[in-house]
Protein chains: 2
Amino acid sequence: MIDYKVGEVAKKVGINVETLRYYEKIKLMPKPKRKESGYRYYDDLDLKRLHFIKRAKELGFSLKEIKELLGLKIESTATCGDVKHLSEHKLEDIRKKINDLKNIESVLIKLINQCLCEAVSTDECPILEVIDSDIIE
Amino acid sequence: MIDYKVGEVAKKVGINVETLRYYEKIKLMPKPKRKESGYRYYDDLDLKRLHFIKRAKELGFSLKEIKELLGLKIESTATCGDVKHLSEHKLEDIRKKINDLKNIESVLIKLINQCLCEAVSTDECPILEVIDSDIIE
DNA sequence: ATTGACTCCGTACCATACTACGGGGCTTAT
DNA sequence: ATAAGCCCCGTAGTATGGTACGGAGTCAAT
């Protein structure tokens, strides 16, 4: 449970200091504790959260969606049903993404193999075969 | 090979007309043929391309990356090596995405099961277990 | 032939997600 | 104790990816 200053966190995670402050402002990150100096201090859980945010963005989630994912927790039996509902919804979404990415994956593999076989040139975009793979409609 | 007008295309694909013009401007979509009126006319391949663009965005690719994916084609033996190289790079990228999404998937499944078992409430964010799943570092 | 719906174009505006700036305070090493 | 290198804050600017506006031409049905 070491205390990290903004700059250290930014460097470790690979974002910059302003982004960190921005995430705090939009409540994607909790307010960190401050010492007498007024400096922010972060812990390992914060780092974890930031790593997740960073990667989730690359996976196509908006900051709003990421906030929702991070908010999925059982806080009382009252919200348990909500959490379940929301999670199931997200799950479906994610499964579709996995499927579509797999389609793109297989088209790319095919394309790479064609390159190996000295295939003839074409005007068409091979990647559009993904559409015929039926998942993306 | 029906000819579709902008409005029809927009409706079919679920984007709006201005977006279509925007894609043309940034060269993500080719210039469509025009009739005497000056109206744009699109065909089924254009629709396919637009569907792909739409979904690829949702999968976390930027318009620039989508343009690259669409540009992956063997145009001559000269570019064949390039295409292979680029495709392999994209492939790696996509495989990582699939992996990370699978991790998120399994955490969500776990969470849903906890909801069913009337688990106790927690302050932590279950989704952060994804980080421990080792893929996201 | 005229009305309503659609299209044209350029330009301006918008939301999201940062990123930079600038004047000041804190901290740490010399 | 002083200077380099952090950090503070508010505010403004940027890039990406659209979205809206408005005046004019086109099309299709009555």
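Residue numbers begin at 1 in each chain, while the letters A, B, ... track the order of the sequences. What you see below is based on every heavy atom in this structure, not just the backbone, and it leaves out hydrogens, waters and symmetry mates. Quantities reported herein were computed from a predicted structural model and do not represent experimental measurements.
- No N or O donor and acceptor, one from the side chain of B/Tyr39 and one from the base of C/dC8, sit under 3.5 Å apart.
- B/Tyr4 places its OH atom 19 Å from the C1' atom of C/dT7, with the value rounded to the nearest Å.
- B/Lys67 forms no cation-pi arrangement with B/Phe61, by the criterion of a distance under 6.0 Å to the ring centre and an angle within 45° of the ring axis.
- Residues A/Tyr4 and A/Asp44 have side chains that bring a donor and an acceptor to within less than 3.5 angstrom of each other.
- Following rounding to the nearest Å, B/Leu20 (CG) and C/dC9 (C1') show an atom-to-atom distance of 15 Å.
- Remark: P of D/dG18 and CD1 of B/Ile15 are 9 Å apart, rounded to the nearest angstrom.
- Residues B/Ile109 and B/Asn113 form a side-chain contact, since some pair of their non-hydrogen atoms from C-beta on lies under 4.5 Å apart.
- Looking at B/Leu69 and A/Val130, their side chains never come closer than 4.5 Å, going by heavy atoms from C-beta outward.
- Close to C/dT7, at under 4.0 Å from its OP1 or OP2, lies no side-chain N or O of B/Arg40.
- For C/dT7, neither phosphate oxygen OP1 nor OP2 lies less than 4.0 angstrom from any side-chain nitrogen or oxygen of B/Ser37.
- For the pair A/Lys11 NZ and D/dC7 P, the computed distance is 11 Å after rounding to whole Å.
- Residues A/Thr19 and A/Asn16 bring a donor and an acceptor atom of their side chains to less than 3.5 Å of each other.
- The minimum heavy-atom distance linking B/Pro126 with B/Val107 is given by the pair O-CG1, 3.4 Å.
- For B/Glu8 and C/dT7, the CD to P distance is 7 Å, given to the nearest whole Å.
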Nucleotide N/O of nucleotides 17-21 of chain C paired with protein N/O under 3.5 Å:
unit_1	atom_1	unit_2	atom_2	d
C/dA17	OP1	A/Leu63	N	3.1
C/dC18	OP1	A/Lys57	NZ	2.7
C/dC18	OP2	A/Tyr23	OH	2.7

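- Distance, A/Tyr42 OH to D/dC7 P: 10 Å, rounded to whole Å.
- Distance NZ (B/Lys5) to P (C/dT7): 6 Å, rounded to an integer number of Å.
- Both tests do not hold together for A/Lys5 against A/Tyr41: distance to the six-membered ring centre under 6.0 Å, angle to the ring axis within 45°.
- Atom CD of B/Glu24 and atom C1' of C/dG10 are 14 Å apart (whole Å).
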